[in-house]
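See structure below.
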Amino acid sequence: MPSASTGASTRVVAPSAARSTEVTADATETVPVDTRLTPGGPGYRRMSFALFLAGVATFALLYSTQALLPLISGDFGVTASTASWTVSAATGALALFVLPLSALSERFGRRTLMTASLAVAVTVGLLVPFAPSVGWLIALRAVQGAALAGLPASATAYLAEEVRPKALITAIGLFVAGNSVGGMSGRVITGWVAQEWGWRVAVAVIGVIAVGCAVAFRLLLPAPRHFKAGSLRPAALVRTVRDHLANPLLRRLYAIGALFMTVFGAVYTVIGYRLTDAPFSLPQGLIGSIFLVYLVGTVSASTAGKLVDRLGRRGALYLAGATTTAGLLVSLADSIPLVLLGLVLITAGFFAGHAVASSSVSHTAKEGRAQASALYQSAYYLGSSAGGTLGAVAYHSGGWAGTVALGLLAVVGVVGITVLGSHAARTQRRLVAVRH
């Protein structure tokens, strides 16, 4: 995104000055001024913390029932596959609505849409505890997921416009880190609260926490300075989406995000059932505490920028895939310490891979960034929905080994796509060399 317009002057206007970046035009030289946010600069910490809180609220709400699935199954008398739809319906609806809502963000602004999305999602979150049947619970969760769809793509587009390119991966990594904290805290809190007062009170507590995050987000997020309103014309949206899908690199990144999330969705949808069953037979509070391993994801996501600097994008993806594979294999052991170690490795690999892939989408797309990010988020959450449902089916058919087999198949896909990307890059370099 180009920096804000400047005129010409014999003096330089500092980025921390007024919101407008125009300077007087009575001199002969033009001095470009980049007023986008940068680490250590004015507004960067507020922006980072605001989007961190948005990430916390998003994942806490989106996966608020995941750690409670055994209790929901028991309360409504349904199978694991049916109960898993309380997660899959939310992530599936998010995947379906993220693209149209990203188009609204192009017209009405990133901050406006993110605020509206959070407002609707937290309102529905306060209604979820009162669902009279599993059907109503699934329906409310679908509405909540659709509302949250306005947040992920708008957030990455906001960062791409308001943050300097060198700081983009780090900034997106912090937003993804907020996702991991939200996912972790939501599951831990619901686990212990549900053990004492039931799953309905647990999801109500998450709803109240999300309200606080939403209010703080709106108060802290700086007003956009580089947003330019686009068109809502369907033809323009279709053309932009077509152009993104025609880009081989973007297609590979979308597939990688979907496959990583298939692994993650399968593992964390089923892990509660595995730990409830023999030989572990853990109480709900301890099962919820297992999700403290999400803190590992916070670290791996926030350091993704350094990983890319050292290994390159594809090298970082290979490492993330290898780490996830190791975690899946270790988790097969019937030992709590080894299961925990497996979850740590799976979580670290997933969040690193997700941060690298999502930031690469924002870096690759020069136009229609919201739509490019929306397509990634759509693929990502379709992967989550598929992973949750297929993971439950695999667990019902083949136990934990079946879920692990599904995860390994997805990781093979990630590695294969990354290898294709490496081959395409080498071919492109050779063609350029021949032309010159």
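All residue numbers refer to positions in the sequence shown, counting from 1. Computed from a prediction, not measured in an experiment: that's the story for all the values here.
- Atoms OH and CG, from Tyr376 and Leu250 in turn, are 12.0 Å apart once rounded to the nearest 0.5 Å.
- With rounding to the nearest 0.5 Å, the separation of CH2 in Trp136 from CG in Leu127 is 10.5 Å.
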Only pairs under 3.5 Å count here: list side-chain donor-acceptor contacts from residues 201-214, not counting sequence neighbours, and write none if there are none.
none

For residues 56-64, run the donor-acceptor check on the side chains, cut-off 3.5 Å, and write out each pair with its distance to 0.1 Å, sequence neighbours left out.
from  : atom 1 : to     : atom 2 : distance (Å)
Thr58 : OG1    : Ala54  : O      : 2.8
Tyr63 : OH     : Ser384 : OG     : 2.8
Ser64 : OG     : Leu61  : O      : 3.1

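- Applying the salt bridge (charged side-chain N to carboxylate O under 4.0 Å, His left out) test to every pair with at least one member in residues 346-357, sequence neighbours left out, gives no pairs at all.
- Minimum interatomic distance between Ala147 and Val120 (heavy atoms only, all atoms of both residues): CB-CG1, 3.6 Å.
- With Ser154 contributing its side chain and Leu151 its backbone, the two residues share no donor-acceptor pair below 3.5 Å.
- Looking at residues two or more places apart in sequence or on another chain, you find a side chain to side chain contact (heavy atoms under 4.5 Å, CB included) between Arg251 and Pro248.
- Side-chain contact between Gln66 and Thr190 is absent, with no heavy-atom pair separated by less than 4.5 Å.
- Of the inter-residue distances, the one linking Arg310 atom CZ with Leu319 atom CG reads 11.5 Å to the nearest 0.5 angstrom.
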Candidate pair Val293 and Ile346, rule side chain to side chain contact (heavy atoms under 4.5 Å, CB included), full reasoning: CA-CA 10 Å; Val293 298; Ile346 292 167; over 6 Å; no

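- Looking at every heavy atom in both residues, Thr86 comes nearest to Arg141 through O-NE, 2.8 Å.
- Minimum interatomic distance between Val270 and Ala392 (heavy atoms only, all atoms of both residues): CG2-N, 3.7 Å.
- Not a single side-chain hydrogen bond (donor to acceptor under 3.5 Å, both in side chains) links Ser84 to another residue, sequence neighbours left out.
- Sorted by first then second residue, the salt bridge (charged side-chain N to carboxylate O under 4.0 Å, His left out) pairs that include residues 185-209, not counting sequence neighbours, are Asp75-Arg200.
- Atom CD1 of residue Ile138 and atom OG1 of residue Thr65 lie 9.5 Å apart, to the nearest 0.5 angstrom.
- Between the side chain of Thr323 and the backbone N or O of Gly349 there is no donor-acceptor pair closer than 3.5 Å.
- Shown here for Val296 and Ala348, the closest heavy-atom pair between the two residues is CG1-CB, 3.5 Å.
- Residues forming a ring pair (Phe, Tyr, Trp, His ring centres under 6.0 Å) with Trp199 (at least two apart in sequence, or on another chain): Phe76.
- With a 4.5 Å cut-off on side-chain heavy atoms, Leu249 and Arg252 count as touching.
- In this structure a side-chain-to-backbone donor-acceptor pair under 3.5 Å is present from Gln284 to Ala67.
- Under the 4.5 Å side-chain criterion, counting only non-hydrogen atoms from C-beta, Thr262 is not in contact with Leu390.
- With sequence neighbours left out, the salt bridge (Lys or Arg N to Asp or Glu O under 4.0 Å) criterion links Arg111 to no other residue.
- Every residue two or more places apart in sequence or in another chain was checked for a salt bridge (Lys or Arg N to Asp or Glu O under 4.0 Å) with Asp243, and none qualifies.
- Nearest heavy atom pair, residue Val124 against residue Gln144, reads CG1-CB, 3.9 Å.
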Side chain to side chain contact (heavy atoms under 4.5 Å, CB included) between Leu406 and Val393, worked out: CA-CA 10 Å; Leu406 174 67; Val393 171; over 6 Å; no

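- For the pair Met261 and Thr91, the minimum side-chain heavy-atom distance is 4.5 Å or more.
- Counting only heavy atoms from C-beta outward, the side chains of His244 and Gln371 approach each other to under 4.5 Å.
- Looking only at side-chain heavy atoms (C-beta outward), Ile290 and Val339 stay at 4.5 Å or farther from each other.
- Residues Leu126 and Pro129 share a closest heavy-atom pair of O-CD, 3.6 Å.
- A donor-acceptor contact shorter than 3.5 Å links the side chain of Thr325 to the backbone of Gly321.
- Ser359 places a side-chain N or O within 3.5 Å of a backbone atom of Val356 that can act as its donor or acceptor partner.
- Taking CG from Leu99 and OG from Ser373, the interatomic distance works out to 11.0 Å, rounded to the nearest 0.5 Å.
- Screening residues 411-422 for side-chain hydrogen bond (donor to acceptor under 3.5 Å, both in side chains) gives Arg314-Ser422, Tyr318-Ser422 as the qualifying pairs, with residues at least two apart or on separate chains.
- Under the 4.5 Å side-chain criterion, counting only non-hydrogen atoms from C-beta, Val415 is in contact with Val419.
- Scanning for side chain to side chain contact (heavy atoms under 4.5 Å, CB included) contacts around Leu382 gives Ala95, Ser378, with sequence neighbours left out.
- Sorted by first then second residue, the ring-ring contact (aromatic ring centres under 6.0 Å, His included) pairs that include residues 251-274, not counting sequence neighbours, are Phe264-Tyr268, Phe264-Tyr294, Phe264-Phe350, Phe264-Phe351, Tyr268-Phe291, Tyr268-Tyr294.
- In this structure, the separation between CD on Glu161 and CZ on Arg110 is 4.0 Å, given to the nearest 0.5 Å.
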